[in-house]
Structures are given as structure tokens and as C-alpha cells.
Amino acid sequence: MRRSATRTVPILAVAATVLSVGAAAPPTPATATPVKEPVAVGYGGAVASVDADASAAGVEVLRKGGNAVDAAVAVAAALGVTEPYSAGIGGGGYLVYYDAKSRTVHTVDGRETAPRSADANLFVENGKPIPFEEGMTSGRGVGTPGTPATWKTALDAWGSKPLRGLLEPASRLARDGFTVDATFRAQTAANEARFRDFPASSSLFLPGGRLPEVGSVFRNPDLARTYDKLGREGVGALYRGPLARDIVDTVRTPPVRDGATRNVRSGDLTERDLAGYATERRRPTKVSYRGLDVYGMAPSSSGGTSVGEALNILEGTDLSGASPARYLHRFIEASRIAFADRGRWVGDPAFEDVPVRELLSQRYADSRACLIRDDAALTSPLPPGDPRHPAACASAGPAAPTTYEGENTTHLTVADRWGNVVAYTLTIESTGGSGITVPGRGFLLNNELTDFSFAPADPAVHDPNLPGPGKRPRSSISPTIVLDRHGRPVLALGSPGGATIITTVLQTLTGVVDRGLPLGDAIAAPRASQRNQATTELEPALWNSPLRAELEAIGHGFRQNPEIGAATGVQRLPDGRWVAAAEPVRRGGGSAMVVRPAAR
């Protein structure tokens, strides 16, 4: 999270040219911070992530002949070092891969799973849900990690390099250290009280008992040794053996300091849970939009179905010629409807009958689009429709609430010289996950199980997102790849941000496809997020703009959010160049790099 210079982007402006700037990734020692640029254009492959050290690790792999999957694993491992409060081997995620040779899209569901002993009352005690904060910082919220298994699945299927070499840049970074910036310090400060209650977290993230200073070098030798172990023995070392036992012991008996007053509940994760973990190779979601094919992540994530349904709803509106107010109005309403439907219908397909095909049908989208009027806003909570029996403007029971999801995930996007593309979002859920570090291993454990509903909002209505044995909690993660009608990549993107991931991806994608924005400008543009709630969140630039009053006049209600999402993406230009793009400001700014920069 190295901060970059601020770049001003006109609100919802339409532009027709791509910024021609390049940021190459020179070979650098781990202790030297590479130059951070939000946009890069060039050849030979591209990497975009939130962190310059991580992007440099990916470009290093591409330069040595690795492909997009190889580079994605290297970037993800490096983010586990520099972004330990957002991602790491104690968490999980979803990966979408485009194979240039076959022109096909594949996905890996590496979502964390609940223990086999879990049931719908995982977070219920004495007949009532426990406080969310107590589930968040506990062994109870920890799911079986999926990130290492995701790496193995992707590398076995599409990679070209051994894991050991791909972990070397991250291991070097953990051992030699990286430079602390203001964002890392601020996130540590936000977790300071939690970290102090766990000796392993305190000794790692509060060296000498103090917050790390901006400009200091932060090292994690325990994580370097853990990566070296995975490199030698394979990722199975996390799921069986001493490391697995350490994870289980930490979950079942959280190592809390003497005298701590925090109520830290134990979890019921077992060695059998870890040994039995498996990723899922799922068929991607697919919708057609403006002559393009948009591929996303199927359930257990709700990202592909929600982005896809919203795009289908918007298909009937000319957004390119719409005024900024009408564009925002239509975007907000499509998002509201998609979230109403996801709350009722989407969960882990191993446990729930999720009507994916029906949710993504144009017929169903048309039956929901008729709810939208240009002279009046819809009100939330909006009831869901019935995708199996579409009826114009009809509802199918009471509204389902949008559950809370931690916002500090991270996303990376990679393309290689052959045209393969990876969009990969990984997470440990909350900022700092559970707050619990596995002693001697150098990584935080997730608290992903808090993405489950703690209890049904309405006992009379089926909730597809209640806990269950081995169940994956619903996610909003939305790695997305867009192809032209010839099966060639046009765009790939994704974002962190909890439930705002879906709206961030939708807004960025329509910004490029409909509003004509260059990818970097679409990422930088001020955001709105409506998730079937009473008010829509606006970033300050929209909150303070005349557009807010125009939309309030037709019934929209708003609340301010200082920052929504932190997207990255890559785009293939008609002349064969790649554009890599990341945030210019959000979360300290991101890092875009290409293998061979184009001339400015």
C-alpha cells in the first residue's frame, strides 16, 4: 500500500483515449520499494495490484518466462507479506482464468469452509445470535483456509513453474522486509487493541510493543520460513502435519494473553477439516452485454450472478447517451434489484438449490427491469422476484437483508505474453481477519465464517446463507473477465470491499463499456453503492456534486462513505498493448506494471 500521487478525474466524464504511461518493474531488492504508478501501458504482460512490491514479484515471474497463473500466485504470496491484514495463506478467495489457447474461461472456488461440526446455530447461544464483534475476533469465525489449495489447483491445471520458485520473491520480501507506509500503520493502529490480546499477533505486528513507524522496515521471518516449507513440501503441508496441527490448536484454544478481558470464543476446526478441504472447479457465470461476453464467479460467490443480473437489467437502457444523473439512477436501481434477488436465492450450491441459469436469463432481467422508473426511485428493502417463474414487476416474498461482509480483501489482475489472463480476489475477511496469528508461523487466520447469517432475519423465510457442516459462506467477490465475440480478452477486473465489490465491478465495467472511460479513469471515478438498503452510499466527490440533489429530487436517499472499493484491472488494446490499472488514491494507491513499457 505505497501511497501514490493524487490524480483528479472528472465526475462520470466520458473520455476516448488511454493514458500512455508506463511503469516497468526493475529487478529490485526486497527492501527497496519499487516505483508505484496507477496506470501502465506496454507489451509482454501486465500486472495490477494494490502493492508495488507484489506487482514487481509478478512481473519478475513474467520476465522469467512464467505465465499469468504463475505470476498471479507470486503476486498473491507477496500480498500475504505486505498486505497481511487483507490476504494470506490463512484465508481464501476466488480465481477466474482465461486460457488463450482454447479461448475458454475457468474458475476456482477457494472459499473457506465451516467445520464439519457446524450447524445453523454456529453463532447462536442461549437462543440468541452472539454479538458480531465477538464472532469476528474468535476461533468460532475461522474457516478452513482455501488460499494454498487454490494455488495448487491453478498451478496444476494451468501453471508452468514450480511453486517453490514462485514463492521465492515473497519469502525474500518477508525475510528482508518492506517499507511501512501510512496505510499499513493506520490499519495496524485500528487493530492494536485486538493484537495486544494475542501475544503472537502483538509480537509480530507491534514490534517492541509499539506501532510500526512510517518509513521503517517491517520483517516477518516466521512467514518466510512458512513459505519455504510450502515450497519444499507443497501446499499439503498446511493441510496435514505440524502446520495443520498448529492452525487447529490456535482455533480450538485461541492463545489469549493473561489478563485479557476480551471474550474470545473457541472454534471447532479439526485436523480432519483441514485434511478434507478441496477447492471447486466451477463453470463460470456468463452473460452477454453490448456484444461482449462477461464471465464471472458462480456461487458460492454471489458476484457473478449479481453483476450478471444487473448487466442484463441495464442492457435495455442506452447508458452511453444517458445524462450522468440518469446513468447513476439506472446503475443504482439495477444494483438494488440484483441484491434483492441474491439475498433470497444465492448460497453454497452444495447445500442450496441456486437457480443460476434463471437468475442470469434475459427474460428474468426484463421482468425485474420493469420496476425501474425514471421519475421515481425504488425503496428498500425491495422484495425478491422468482427467477423460476418470471412475472413482470412481481415479487416472491419478503425482502432478505444484506449481511455484513468485511471490506479489506485484495484483488490482483495479470495478463501474460500469450494472452492468458487471471482475475483473482483473495481475503481473510475483516481488516486483520480474526486478529489471531498462528504462533511461530507468521500469518493471521481468517474470520470468513462471519459472512454467514448469524440467524435468519425472518424465521418463516428460508435463508440460503445460514451455516452448515463444511458449507461455504456466501461471498460478494467478483473477479470478472470480458471477452469479445471472437473469444479474445477485452478487459479483466475485480475489487475488494465486501458487498461493495459487486457495485464497484459493475460501475467500473459500465464506465469502460458504456461511458467510454479509459480503464484507469473508470477505476478512479467516484463511486456509488446500493445494496438493497434504505440509502445509497456515495463517495465524497458524488456527495458534494449537483448529481446528489438531482437524484434526491426523484426519491433517492444517500449516506456518505469516504472510500468504496479498491479495484485493479487489465485491458487489451486493439494494437496488442496491455493496459494495467489500479487505484490512484484509494487505500494508498495501487501499482500497475508491464513487462515492456510502451513509449510515452
Ring pair (Phe, Tyr, Trp, His ring centres under 6.0 Å) partners of F331, counting only residues at least two apart: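 Not a single residue meets the ring pair (Phe, Tyr, Trp, His ring centres under 6.0 Å) criterion with F331.
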Output all residues satisfying ring pair (Phe, Tyr, Trp, His ring centres under 6.0 Å) with Y98, sequence neighbours left out; order by chain, then residue number.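 Not a single residue meets the ring pair (Phe, Tyr, Trp, His ring centres under 6.0 Å) criterion with Y98.
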With sequence neighbours excluded, residues passing side chain to side chain donor-acceptor pair (under 3.5 Å) with R240: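 Result, side chain to side chain donor-acceptor pair (under 3.5 Å) vs R240: none returned.
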Who passes side chain to side chain donor-acceptor pair (under 3.5 Å) against T510, sequence neighbours left out?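 Applying side chain to side chain donor-acceptor pair (under 3.5 Å) to T510 gives Y327.
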Please list, chain by chain and in numerical order, all residues satisfying salt bridge (Lys or Arg N to Asp or Glu O under 4.0 Å) with [X], sequence neighbours excluded.
X	result
E448	R111
D348	none
D416	none
D246	R441

side-chain contact (heavy atoms from CB on, under 4.5 Å) partners of [X], counting only residues at least two apart:
X	value
R559	R531, Q533, T535, E537
D386	W345, R388, H389, A396
E352	V354, H462, P464, K471
T279	V108, A149, T150, T153, Y277

Any chance you could measure L269, atom CG, to D249, atom CG, to the nearest 0.5 Å?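 Here the rounded value is 10.5 Å.
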